[in-house]
Amino acid sequence: MKVLDATRPGKAPAAPAPRRRAARPRIAPLVGIVLAALAAEIVPRTGLIAGDALPPLSSVLAELGRQAGDAALWEALGRTVRTWAVGLVVAVVAGVVAGVLIGLVPILRAITASTVEFLRPIPSVALIPAVILVFGTGFESGVVLIVYAGFWQVLVQVLYGVQDIDPVAHDTARSYRFSVWGRVRYVIWPTALPFVFTGIRLAASVALVLAITGELVIGTPGIGQLISVAQSSGATTEMFALVLVTGVLGVLVNTGFRYAERALLGWHPSVRRSAGAR
Amino acid sequence: MTDMVSVKGLNKVYESAGRRVEAIGDITFSVARGEFACIVGPSGAGKTTLLKCLAGLLTPTAGEVLLDGVPVTGPPPGMAVVFQEYGRSLFPWKTVRQNIDLPLRQKKLPRAERDRLVTDSLGAVGLADAGDAYPWQLSGGMQQRVAIARAVAYEPQVLLMDEPFAAVDAQTRADLEDLVRSLWRSLGITTLFVTHDIDEAVYLGERVLVLSASPTCVLDDVPIGLPAERDQVTSRSTSAFAELRTRVHRGIQDAKAGRRTSGAAA
Amino acid sequence: MTDMVSVKGLNKVYESAGRRVEAIGDITFSVARGEFACIVGPSGAGKTTLLKCLAGLLTPTAGEVLLDGVPVTGPPPGMAVVFQEYGRSLFPWKTVRQNIDLPLRQKKLPRAERDRLVTDSLGAVGLADAGDAYPWQLSGGMQQRVAIARAVAYEPQVLLMDEPFAAVDAQTRADLEDLVRSLWRSLGITTLFVTHDIDEAVYLGERVLVLSASPTCVLDDVPIGLPAERDQVTSRSTSAFAELRTRVHRGIQDAKAGRRTSGAAA
Amino acid sequence: NGGSSTGLDPSSKTPVTVRAGFIPVIDVAALYLGQKQGFFADHGIKLDIKTAQGGAALVPPVVSGEYQFAFSNIVSVLAARDKGLPLKVIASGSNSTGHAGKDVTMIRVPKDSPIRSAADLAGKKVSVNTLNNLLQMLGEVAVTADGGDPDKVKFVELPFPDAVTALGKGDIDAMVTAEPFDTIAAGADTRVVASPYLEMAKTSLTTSVYFTSEDQLKKNPKLFTALKAAIDESLAYAEAHPRETRAQLASFMKIEPGVAQKVTLPTFSPTIPQSSVEAFVKAARSHGLLDGDISYDDLVWSGTAG
Amino acid sequence: MNILNFLRRVLYALGLPAALVALWWVTSVNSTSYYFPPLPDVLDQFGRLWLAGRFADDVVPSLVRLLTGFLVSAVIGVALGVALGLTDVLRRGAEPVLEFLRALPPTVLVPVIAIVAGIGDGAKILVIVSGCVWPVLLNTVEGVRAADDVMIDTCRTYGITRGARLRHMVLPAAAPQIAAGLRQALSIGLILMVIGEMFAATNGLGFSIVQFQRTFAIPQMWSGIILLGLIGFALSALFTVVEKRVLGWYLGLRESQKRNG
Ligand SMILES: Nc1ncnc2c1ncn2[C@@H]1O[C@H](COP(=O)(O)OP(=O)(O)OP(=O)(O)O)[C@@H](O)[C@H]1O
Ligand SMILES: Nc1ncnc2c1ncn2[C@@H]1O[C@H](COP(=O)(O)OP(=O)(O)OP(=O)(O)O)[C@@H](O)[C@H]1O
Ligand SMILES: [Mg+2]
Ligand SMILES: [Mg+2]
């Protein structure tokens, strides 16, 4: 076996040129976006969907352009992002720690299972009055709502991830007497990581949804509050412009996670394969 | 005899995660229809890589692979492969019987026929009563035998086996060797067989290809002139056998030492 | 010499998914401190199960395992295991070096010492320049050698190896055999070595335990009286070696035939 | 937290910050205008306005003392008091106009609808913004007054903008509106079949109010006296200057300029007539929104310190 | 032994909830806070509301919507997830659009859905689907992408393609992760059932809870939340039973080691 440097001796690639794969994936997202944009432009214009209830994309974009000059939009965006980020970080950290702990200790799992299943489906929205009473109408309430909703998403994913450990890898760690921490860090965590990533991506959008909903209902300043005002004024185009901002935020967040995933999961079959050996 | 498998100027470079490995330098050889060829070579020589290229699972970096005169672009029909990673090639969600049955269903064989093939092949590898177990309930050697049974039951035209007996005991190994040879003789399956056991290579094959260390080339191509009727005790004790074994062994030593041509080559 | 490993009336029954398998019937034996014992037996005999019980990874159904006089309840310190499923025992998210390094970190060795051990052990198994690759970028034999390097670098008091050379070529195998023997001699490691290769068992061990087919018992316990200084060519060609090989071989045949006592036993 | 601590005297030199929870609707324009006119500053109050989507999210912060007062329609406050929440109305919010066909809330049907009067709504789908609240009650009042059976009407809950769309698509048969959506719906081929407030009383009614909790009132009577004075001045000013009030809309709503010019403004008046409250209590009781009786003095703060 | 085992499991399942209920009882029994009423009041309302007529009027329609929405999500999520997981180009192309949709709050989406699907049960089911598909979809995509190389090669060589490959290899391999997604979807579905019923509804559990909230019937509201939790618990118990059957091989594989070790 020999590891070669960049230049390979021997003959040049023969007739059937290797498939050009690298270029395509870069275009793919654009194609998807363009198709979706066309649909968003054309469908409202056909009148398939009643009247001006759903404005065409172009007018939404124009409206967005107008608002982009307004500091209020950016300030609101900043607040929303802050609530989102704080809530998400707390939810993820709490979910991962609790998930690993519960996943590792079978008794803990048996004891908590029923309570977890009971609490999980309780909607944050139903808790809003109680949350306002305790945490006020500010930023903290938004964070609490996000943590409550996001925590369960991460927890469930981590539990399934911890369960996915390869028995042989687990035995290897045990036989070399890895400490509990060593096992968590070197065996359990990497195994669960793909599950955790999915959990974080789920929680990230749920957190965004709740940041917006919280602002919408409670009136904490942010994008959601702007949406609420637009909604109750019947300013449909304006509302969709704000909704567009929300969606774009979601796309950006996901792109970030995809990069992180590629960096952290380079060893994983899913990432390896898309890197394109075959 | 026509060429069933023919490999021309095959070259394969792995490029992943900042590592570039030229697994196969330049390999050219061909195997006739119905021939039994064994492949030996040092660990990491690129034997598995070669088999995967033959099976259409890997696209060569350069060169080409022809199967029955047709360039291989994807897995061709009528081919069975026993993977070196036998454990991972069995479906853990299927019982042993179901694992063997699945490829047969793809061949659209009638149910009775499939049942017979599954039962026969399980019996042949000595696992008649493990049919309803899941693969993960079996020992390593048993799993490997399930993978062999699956290939055997498939009745392929071309059979590629990657160290298929690595995990079984000496006695079972001898039985399986005889099983593969008798199958080959009765069905005329073109067989490529990767092994580390020199005796096994000589005993089984009509021909032994010795690969060099990577970047790999064919170091030696040893025709095995032993009679077709072979027997574990008598065949192995002939002087012809001993000579062949010595030649292949020298080839491997050359390969390990990094030589690119074998002193033993014709 | 005191007993390092002692197994008394060991019995292990697997019960899962409606299948009940008595993998180990009743095994009693002991291995002295610093002894090198090889274990052979038919595929599915329960060798892996036995090793896992010794390593404290499986709880016996009945009987007990003592390590240095202390009952084994969990993986004991100072023990290294090379698993039969070498591929799955390497962590795919770590490079080869990191895989070998991890257990050493758990032992809290200083960094320089760890680096030295990793480099030395990689060199010893012939993978000096594969340190930065990930396991899935390596061939089967190379992966297996990484698993061996990991155990070797760990410098255990007790070393359990489950068919550790199954995936490497003859020449590498010989080198690794000599590596393991020299390690055993220089460090006095108590070694239990499962293999399917009878010659290997006789060449390596001071003692060969022959297991019956399951439900398993010890069919034969063959002391290997060969001199401690062994050599691939000369040792293997002595008549004593040939005799021992024949005895073990007969034992295996008895086991395969399902006999519960060996005609060859003393 | 704002000025909720005991004994704040808003007449002192440094203004007291008062947090208010509003809903972004036309009715609160009066206070935005009053704030602009400096009525609150005159009373030593710095108004900090927060907005929320509905009353359910405004009551908790008032109860907890985070907000000093909030805006609501009168029926929600009645319902809360009925359930034992110690809320008190401190000032009037807005009034219906008292003009048939040109009120802040109307029942509208598509132009080509066979529905002629409120009684025809029996068996039909009628949208309200919130079920079991003011608008549903108004719908029922109108049907009853027209001799129909309100129990036969199928009320559905739809946000106003969607109701306008649904009305156009024929998903619903009628809609109970509130400005600015009455104006928006008027522009979408609809016609009025009833002006429900006029069925309750022939005059203008106090339909929305500003409220706080009894607890806060007890702790800070002086503050609330000052606050009430400022609110009342704002209401009077807004009533007297409808064009300024209208101009104020764009500052806190995203209302289209064309619509803002056309909307029917409510009337503003500092007084809360006893008859008005009684009319609402009576209607709410007969339509199942209240269990018990609530007297005028229970609901409305006497308005004097101490 | 079996009875003992059963008792132990019951103890595990009920121990913590019992402790928490006791804690809630003790801390709330003298509560004067309007929004945190004494637990006995809540339980009293629970008995009065849900054990009587409202069950058929409100809970049953809600459950029908929930289960329909859940099943539709499961089918869409798995089908789309498999397609995206198997085809990298497709996944990259669709991902931005899907992420965009995923980030839209249901509260904002509901009006749009109302425009598209009207205001009947269809719209409510669509709201549930709009939230439930994501965990199923994401987990399916990742599960499919994580399939073992050797297994894929095995399928390819034995000519196991398309439908058969999907059924015998792709889906079972991804099944553990899909199960994680479905479990998530179940509770998200319940949440969205509530949100969907906040708009344009005339009955349903979510509708009732929101009505209680708006009309300041706080003990009633809490009793509805408790019922929601109980339903969630029951559904997940049911899910576990199904999961144990379908994923028997997987749980056996993962647990044989743990149990024996
Ligand atoms: N997926 C991969 N990515 C990168 N390098 C690889 C990959 N698979 C194999 N290699 C490299 O290619 C070379 C040949 O590997 P291959 O598995 O073909 O060897 P082999 O002859 O089968 O060895 P063995 O007898 O040990 O199984 C090795 O150096 C290995 O490191
Ligand atoms: N996890 C398990 N669940 C159920 N049965 C098992 C399990 N592991 C092993 N067995 C059974 O126990 C018996 C002994 O298995 P074991 O792996 O110990 O054999 P072995 O001697 O190592 O064989 P080989 O040489 O083929 O590796 C076999 O019959 C096998 O089917
Ligand atoms: Mg190989
Ligand atoms: Mg074994």
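Chain letters run A, B, ... following the sequence lines, proteins first and then strands; every chain starts at 1. Only a predicted model underlies this, so the values are computations on that prediction, with no experimental measurement involved.
Of the atoms belonging to B:K107, not a single heavy atom falls under 4.5 Å from chain E. In this structure, chain B has a heavy atom under 4.5 Å from the side chain of E:R167, while its backbone stays farther away. Heavy-atom distances place the backbone of B:L90, and not its side chain, under 4.5 Å from chain E. For B:P77, no part sits under 4.5 Å from any heavy atom of chain E, backbone or side chain. Looking at B:R105, only its side chain comes within 4.5 Å of chain E, counting heavy atoms on both sides.
When the candidates E:A164, E:A173, E:C155 are compared by the number of heavy-atom contacts under 4.5 Å with chain B, E:A173 comes out ahead. Between chain E and the residues B:G87, B:A80, B:A55, the most heavy-atom pairs under 4.5 angstrom are made by B:A80. Each of B:G78, B:A147, B:A151, B:P135 has some count of heavy-atom pairs under 4.5 Å with chain E, and the biggest count is that of B:A151. Counting heavy-atom pairs closer than 4.5 Å to chain E, the top-ranked of the candidates B:K52, B:K94, B:Q84, B:M79 is B:K94.
Nearest heavy atom pair, residue E:R156 against residue B:G56, reads NH2-O, 3.6 Å. Across all non-hydrogen atoms, the minimal contact from B:P92 to E:M151 is CD-CE, 3.6 Å. Shown here for B:R150 and E:T154, the closest heavy-atom pair between the two residues is NH2-CG2, 3.3 Å.
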message: If you apply the rule side-chain contact (heavy atoms from CB on, under 4.5 Å), what do you find for B:S89 with E:Y158, and how did you get there?
response: CA-CA 11 Å; B:S89 91; E:Y158 283 110; over 6 Å; no
- prompt: Please walk me through it: do B:V81 and E:D153 pass side-chain contact (heavy atoms from CB on, under 4.5 Å)?
  reply: CA-CA 9 Å; B:V81 182; E:D153 283 352; over 6 Å; no
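In this structure, CD1 on E:I160 lies 5.0 Å from CZ on B:F91, to the nearest 0.5 angstrom.
B:W93 places no side-chain N or O within 3.5 Å of a backbone atom of E:M169 that could act as its donor or acceptor partner.
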